[in-house]
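What follows is a single structure, written as structure tokens, with notes after it.
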Amino acid sequence: MWQALKQKKKWRGEIWNRRKSGEVYAEMISISAIYDNESKLLRYVAVFSDITHIKVHEAELSRVAHYDALTGIPNRLLLADRMKQAIAQTSRDQTLMAVCYLDLDGFKPINDSMGHEAGDEVLVEVAKRIANTLRGGDTIARLGGDEFVALLLGQSKGEECVATLERLLVTISHPMTVKSKPVTVSASIGVSIYPMDDEDPDTLLRHADQAMYIAKQSGKNRFHIYDPELDRRARDQHEFLKTIRHALENNQFELHYQPKVNLRTKKLVGAEALIRWRHPARGILPPSEFLHYVENTDLDIEIGEWVTATALAQMNQWRQSGLDIEVSVNITGYHLDSFHFIEKLRKQIEIYPESQFGKLQIEVLETVALNDINVVREIIGSCRELGVRFALDDFGTGYSSLSYLSLLPVDTLKIDQSFVRDILDDKGDRAIVQGIIALASAFERQTVAEGIETAAHYQLLLEMGCELGQGYGIARPMPANELPAWSESILW
Ligand code: C2E
Ligand code: MG
Ligand code: MG
């Protein structure tokens, strides 16, 4: 002020002044310096007005803008501000900040049955309880409705947050009296922790919100801490699923067929359709590179339907060119148990009315079939009416009891390759394979040995009474157009 008066001979601004009574007040003041003809300072002239009422009003506006009217705690706007500061402080102090997103459990019924006033009382009480549980530097804010956010600052390790979260859960779930009635609510809390989750305020809040949903889903009145690593994996999977869908829509999948032969006659009896992904950058990918990503998603079903449709069309084409063989497709439990599985399959089969009944086979993992035996049994029954037969894949890896096996109307047991591989030197595996063959014959089921890699395996399986087999020693899975020529050569 003095500098301005010296240089520019005037100053204008706001100052805090004091009245004679000692009361401090705000004034807006303009001061001019008055000089005589010799440029000697004569006096200052000041004009001022009392702007205390404006200051009070400003403070009120800022309060309304930054605080929640009902509970008096910070609102979303102030929270954003505090989070920015807190992130800076947390980085400086090398401590942790926990962003806790709280949503009350059981609030809506109170609001609905006891009225909004009662609901408001609950919110005020909860806000008070949360505030009392937190430390001085922490922030509690209300986002609206029954949603609150607590910022826990200066935490040295995760355990410290956990202790506070547990205290929060306990205080919130204590009974309270509202309109002279006892009322209880609890909270589901989602937590993101900075800097483990190294993100901006908005993202931290969103992650805490996501974690809150998990807390709700896992039974309420609990907290869940957001895991960036898990989330990254989920996002990766999501991204990869998009690529797989794109591949499906752009015909990048193809089926290769592995011959299934009668071990005695050496004749081709069928083929197993095995999916391959002709990846534009990575070449041909086996199912182990991508199928587990689609497990239990819609894509699992779509791929299964594509496989079935493609195999049926292929079978029909082979049949027309004189190669009438059985084709099996691998179907997941999720797909098998999905909506309208049977009807959709029927429609696919009806496209080829001339195809011979009983030529399509579905392979399901033994472990899947055992999971929900009654459901699977019914589905298998309905499929048989359509002429679709079933094989239990990777047989021996599950725990089929004899009674289960007698319940499942499957035609074929495919002996898992892990047992077949070792029959030459491992007595135990040989006994298992022998057991499965005997079991199948007692129940009048076929056996297919998977993974026949050498002539010795083949010979031994034949002696053990196994009818059918597949394996690299007979033929590797091949593109559809190679199968007719292969079936005519008996080079193996
Ligand atoms: P699976 O149904 O038991 O199929 C047999 C797998 O063993 C195939 O692997 C086949 O290439 C391989 N194999 C055949 N003979 C031999 C052998 O002598 N030695 C060895 N070491 N392996 C042999 P692939 O094609 O990589 O498929 C692996 C699994 O992926 C399949 O096991 C099946 O469970 C699944 N799968 C394949 N295609 C599909 C499909 O279209 N849909 C679904 N849902 N699953 C599929
Ligand atoms: Mg199979
Ligand atoms: Mg198998």
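All ligand and atom numbering here is 1-based and tracks the order in the structure.
Taking 4.0 Å as the cut-off, Arg276 counts as a neighbour of ligand 1 on heavy-atom distance. Within the 4.0 Å heavy-atom cutoff, Ser288 does not count among the residues contacting ligand 1. Close to ligand 1: Glu272, with a non-hydrogen atom less than 4.0 angstrom away. Residue contact check for ligand 1: Pro477 places a non-hydrogen atom closer than 4.0 Å to it. The shortest separation from a heavy atom of Gln417 to ligand 1 is under 4.0 Å, placing the residue in contact.
Among the atoms of Asp394, some N or O lies under 3.5 angstrom from an N or O of ligand 1. Inclusion of Ile275 in the set of residues having an N or O under 3.5 Å from an N or O of ligand 1 is warranted.
Those atoms of ligand 1 with a heavy atom of Gly471 less than 4.0 angstrom away are 15 (N), 18 (O). Atoms of ligand 1 lying under 4.0 Å from at least one heavy atom of Gln258, given by number and element, are 14 (C), 15 (N). Of all atoms in ligand 1, numbered sequentially from 1 with element shown, those under 4.0 Å from a heavy atom of Glu453 are 17 (C), 18 (O), 19 (N), 20 (C), 21 (N). Counting atoms of ligand 1 from 1 in the listed order, those under 4.0 Å from a heavy atom of Gly451 are 16 (C), 17 (C), 18 (O). Taking every non-hydrogen atom of Thr332 and a distance limit under 4.0 Å, the qualifying atoms of ligand 1 come out as 44 (N).
Only the side chain of Asp393 comes within 4.0 Å of ligand 1, counting heavy atoms alone; its backbone N, CA, C and O stay farther away. Neither the backbone nor the side chain of Val329 comes within contact range of ligand 1; no heavy atom lies under 4.0 Å. Contacts between Val307 and ligand 1, counted as non-hydrogen atom pairs separated by less than 4.0 Å, involve the side chain only. Proximity of Lys414 to ligand 1, defined as any heavy-atom pair under 4.0 Å, is not found for any part of the residue. Contacts between Glu450 and ligand 1 below 4.0 angstrom, taking non-hydrogen atoms only, involve the side chain exclusively.
By the 4.5 Å heavy-atom criterion applied to side chains, Phe339 and Ile301 are not counted as neighbours. Counting only heavy atoms from C-beta outward, the side chains of Val410 and Ile380 approach each other to under 4.5 Å.
Among Asn330, Thr454, Ile452, the residue whose heavy atom sits closest to atom 44 (N) of ligand 1 is Asn330. Around atom 24 (P) of ligand 1, the closest heavy atom drawn from Pro259, Pro287, Ser328 belongs to Pro287.
Classified by interplanar angle (parallel below 30°, tilted 30° to 60°, perpendicular above 60°), the ring pair Trp277/Phe240 is tilted.
Note on Lys414 versus Glu366: no salt bridge recorded, every NZ/NE/NH1/NH2 to OD/OE distance being 4.0 Å or above. Between Lys260 and Glu272 there is no salt bridge, since no side-chain nitrogen of the basic residue lies less than 4.0 Å from a carboxylate oxygen of the acidic one. Contact check on Glu239 versus Lys242 returns a salt bridge, with a Lys/Arg side-chain nitrogen under 4.0 Å from an Asp/Glu carboxylate oxygen. Ion pairing between a basic and an acidic side chain is recognised when a charged N comes within 4.0 Å of a carboxylate O; Arg232 and Asp236 show such pairing.
With a cut-off of 2.8 Å, the Mg ion (ligand 2) has an N, O or S atom of Glu363 in range. Backbone or side-chain N, O or S atoms of Glu450 do not reach the Mg ion (ligand 2) at under 2.8 Å. Residue side and main chain included, Ser328 places no N/O/S atom under 2.8 Å of the Mg ion (ligand 2).
The N, O or S atom of Glu272 with the smallest distance to the Mg ion (ligand 2) is OE2.
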Problem - Lys359/Glu326 under salt bridge (charged side-chain N to carboxylate O under 4.0 Å, His left out): CA gap, chis, key distance, verdict - result: CA-CA 4 Å; Lys359 287 280 161 132; Glu326 192 180 281; over 6 Å; no
Exercise for the section: Just do the salt bridge (charged side-chain N to carboxylate O under 4.0 Å, His left out) check on Glu147 and Arg142 with the steps written out, would you? Expected result: CA-CA 6 Å; Glu147 293 181 347; Arg142 178 167 172 240; over 6 Å; no
Show me, pair by pair, the donor-acceptor contacts under 3.5 angstrom made by side chains of residues 309-321, not counting sequence neighbours?
unit_1	atom_1	unit_2	atom_2	d
Thr310	OG1	Trp306	O	2.6
Thr310	OG1	Trp306	NE1	3.4
Asn316	OD1	Arg319	NH2	2.9
Arg319	NH2	Glu354	OE1	3.1
Ser321	OG	Gln317	O	3.4
Ser321	OG	Trp318	O	3.0

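Residue pairs that meet the side chain to side chain donor-acceptor pair (under 3.5 Å) test with at least one member in residues 78-92, sequence neighbours left out, are Arg82-Thr139, Ser91-Tyr194.
One finds an angle of 90° at the Mg ion (ligand 2) between OD2 on Asp393 and OD1 on Asn330, to the nearest 10 degrees.
Expressed to the nearest 0.5 Å, how far CG of Leu392 lies from CG of Leu413 amounts to 6.0 Å.
Not less than 6.0 angstrom separates the ring centroid of Tyr101 from the ring centroid of Tyr226.
Between the side chains of Thr332 and Glu295, no donor-acceptor pair of N or O atoms lies under 3.5 Å.
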